[in-house]
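First the structure, in the form of structure tokens, and then the observations on it.
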Amino acid sequence: MSDISDVNDGGGMGGEPVVNPQEGPSPQSSMRQSLAQMRRDTIARCGAEVQSAGRRLMFGMITSLALQSVPLPSDCDLDMSALHVVASCKKLRITRRPAGHPRGEARSYVWGSLPRGDNVRIASGIYALDLRHTWAQLAGHMPLASLVALGDSIISVMAGRQAAGQRRAGAEIRDDLIRCVSGLPKFKGKAACLQAAALIVPNVDSPWETASRLALCRHGIPSPVVNHVVRDLRFQSGALMTLDMAWPEYRVAVEYDGDHHRTDKAQWRRDQEKRVALGAHGWQIVTITADTLRTDSSRAEFAFVVARHLMLRKADFVFRPVAMPIEMLADRARKQRDSKAVS
């Protein structure tokens with residue numbers, strides 16, 4: 001059982017930033033602050049629950065994500081305000097508590113595979129379910145695209161909290177997640193997990209990156225490299241430049257502009273320095289905002305712009321004007337991985 005009770009709340013997804021810290025404040029800084037506050041609030045609520053129960057408790061589902069600084073899915077069908085407690089058998093479950101209770105709603109679940117997990121000690125008496133098992137638990141409570149985004153986030157969190165000298169590549173962590181879930185006894189949503197597994201990737205900084213990547217891939221665009229480091233370009237400070245999503249062989253990239261890119265003068269100057277340098281070295285940058293992903297039409301327009309730039313640079317793929325269902329995309333990705341494994 002691992003311990004993250006000493007994680008610095010000021011860090012990134014899972015305790016430390018995933019992106020290059022030398023670039024200064026990242027686009028995900030506000031998300032990290034929000035996750036840190038969510039974690040502190042959840043620890044306080046869980047502590048009160050532990051004190052009331054008079055014994056240590058294991059928290060799963062959405063509560064496990066909050067305790068481990070994982071971005072919460074926006075379209076999960078669970079009550080996001082309730083505490084979710086898990087036990088290995090019925091006799092260890094706490095009594096379910098209604099929403100009107102002074103300490104708020106609490107729900108209890110049996111997770112028979114609990115002893116198999118590398119569960120995490122958060123604080124005295126407060127434990128969080130292994131994130132791999134948490135992903136499995138939540139599979140039946142959200143759409144496939146959100147399950148992919150959650151898988152991406154979990155890999156990044158697990159990568160970020162590794163001890164020095166024991167670091168594994170993100171691809172290894174992803175493969176371990178898939179092996180773990182595949183080896184669990186039958187559970188609700190296991191088929192969805194195995195389907196989503198074909199689309200999850202390491203090194204993703206935020207759910208918007210997953211949403212952007214899936215939006216493009218559903219229109220037939222090849223999967224990009226996420227958080228690509230441009231080795232031959234640096235800021236004046238000497239820091240390496242990174243791109244949110246890139247197709248390095250064609251020098252085409254996508255960059256996300258949050259509100260702080262317009263309101264923070266230092267960030268705006270850094271963006272200008274970066275884009276001027278990239279443009280001078282032949283890079284074509286497509287800039288997007290939150291509005292880009294709001295509707296089917298805006299996502300299709302985004303995909304068309306990226307596809308056009310890639311095709312002008314001799315990329316070979318079939319563009320789909322209408323997005324394919326994500327289930328079809330997952331099936332294609334699984335077949336491609338299987339064929340690569342065979343060869």
Original post:
Are Arg132 and Ile154 side-chain neighbours, meaning at least one heavy-atom pair lies under 4.5 Å?
Top reply: no

**OP:** Evaluate the criterion side chain to side chain contact (heavy atoms under 4.5 Å, CB included) for residue pair Thr210 and Arg213; output intermediate values, then yes/no.
**Re:** CA-CA 5 Å; Thr210 303; Arg213 186 182 82 247; 4.1 Å; yes

Original post:
Among the clusters formed by ILVMFWY side chains lying less than 4.5 Å apart, do Met80 and Tyr109 turn up in the same one?
Top reply: yes

Original post:
Hey, what do you get for SG (Cys180) to CD1 (Ile173), rounding to the nearest 0.5 Å?
Top reply: 13.0 Å

Original post:
Does any N or O in the side chain of Arg56 come within less than 3.5 Å of the main-chain N or O of Ile126, such that one atom is a donor and the other an acceptor?
Top reply: no

Original post:
Hey, are the side chains of Leu83 and Leu57 touching, using non-hydrogen atoms and a 4.5 Å cut-off?
Top reply: no

**OP:** Indicate the atoms forming the closest heavy-atom contact of Pro248 with His228, along with that distance.
**Re:** CG-CE1, 3.5 Å

**OP:** May I ask you to decide whether Asp338 forms a salt bridge with Arg334, counting only side-chain N to carboxylate O separations under 4.0 Å?
**Re:** yes

**OP:** Say whether Leu184 and Met142 are linked into one hydrophobic cluster, either directly or through other cluster members, by side-chain heavy-atom distances under 4.5 angstrom.
**Re:** yes

Original post:
For the hydrophobic clusters of this structure (ILVMFWY residues joined by side-chain heavy atoms under 4.5 Å, transitively), does one cluster hold both Met245 and Val225?
Top reply: no

Subject >> Minimum-distance pair of heavy atoms, taken over all atoms of Val110 and Ser88 >> reply: CG1-O, 3.8 Å

Original post:
Would Leu138 and His84 satisfy side chain to side chain contact (heavy atoms under 4.5 Å, CB included), going step by step from the backbone distance to the final call?
Top reply: CA-CA 11 Å; Leu138 288 167; His84 301 270; over 6 Å; no

Original post:
Say you draw a straight line from OG of Ser223 to CG of Leu329; how long is it, rounded to the nearest 0.5 Å?
Top reply: 8.5 Å

Original post:
Under 4.5 Å between side-chain heavy atoms, hopping through other hydrophobics if needed: is there a path connecting Leu194 to Trp135?
Top reply: no

Original post:
When you measure from the side chain of Gln137 to the backbone N and O of Met61, does any donor-acceptor pair fall under 3.5 Å?
Top reply: yes

**OP:** Of all the heavy-atom pairs spanning Ile178 and Ser182, show the shortest one and how long it is.
**Re:** O-OG, 2.7 Å

Subject >> Gap between atom CE of Met241 and atom CG of Asp232 - 0.5 Å precision >> reply: 10.0 Å

Original post:
Roughly how far, to the nearest 0.5 Å, is OG1 of Thr63 from CD of Glu49?
Top reply: 9.5 Å

Subject >> Closest heavy-atom pair and its distance - Met324, Cys217 >> reply: CE-O, 3.8 Å

Subject >> Test side chain to side chain contact (heavy atoms under 4.5 Å, CB included) applied to Leu240 and Val230, step by step >> reply: CA-CA 7 Å; Leu240 289 167; Val230 185; over 6 Å; no

Original post:
Of all heavy-atom pairs between Ile155 and Gly170, which one has the smallest distance, and what is that distance?
Top reply: CG2-O, 3.8 Å

Original post:
So which of Arg39, Arg40, Gln33 actually passes side chain to side chain donor-acceptor pair (under 3.5 Å) with Gln37?
Top reply: Arg40

Original post:
Can you check whether Val201's main-chain N or O pairs, donor with acceptor, with Asp152's side chain at less than 3.5 Å?
Top reply: yes

**OP:** Could you tell me the separation between the CH2 atom of Trp283 and the CG atom of Leu233, rounded to the nearest 0.5 Å?
**Re:** 9.0 Å

Subject >> SB check Arg45 Asp41 (cutoff 4.0 Å) >> reply: no

Name every donor-acceptor pair, under 3.5 Å, that has one atom in a side chain of residues 301-319 and the other anywhere in the protein, sequence neighbours excluded.
from: Arg313; atom 1: NH1; to: Tyr250; atom 2: O; distance (Å): 3.1
from: Arg313; atom 1: NH1; to: Arg251; atom 2: O; distance (Å): 3.1
from: Arg313; atom 1: NH1; to: Gly282; atom 2: O; distance (Å): 2.6
from: Arg313; atom 1: NH2; to: Gly282; atom 2: O; distance (Å): 3.3

Original post:
Would you say the side-chain atoms of His141 pair up with the backbone N or O of Gly189, donor to acceptor, closer than 3.5 Å?
Top reply: no

Subject >> Interatomic distance, Met158 atom CE to Arg174 atom CZ [nearest 0.5 angstrom] >> reply: 13.5 Å

Subject >> Side chains of Arg218 and Arg299 in contact at under 4.5 Å (non-hydrogen atoms) >> reply: no

**OP:** Carefully, step by step, assess Ile285 and Lys274 under the rule side chain to side chain contact (heavy atoms under 4.5 Å, CB included).
**Re:** CA-CA 10 Å; Ile285 309 299; Lys274 180 178 182 179; over 6 Å; no

**OP:** Identify the two heavy atoms, one from Ala192 and one from Leu144, that lie closest to each other, and give their separation to 0.1 Å.
**Re:** O-CD1, 3.7 Å

Subject >> Leu129 backbone acceptor or donor facing Thr134 side chain under 3.5 Å >> reply: yes

Subject >> Val70 with Leu78, same ILVMFWY side-chain cluster at under 4.5 Å >> reply: yes

Original post:
So does Gln51 have more than 12 non-hydrogen atoms from other groups sitting under 6.0 Å from CD?
Top reply: no

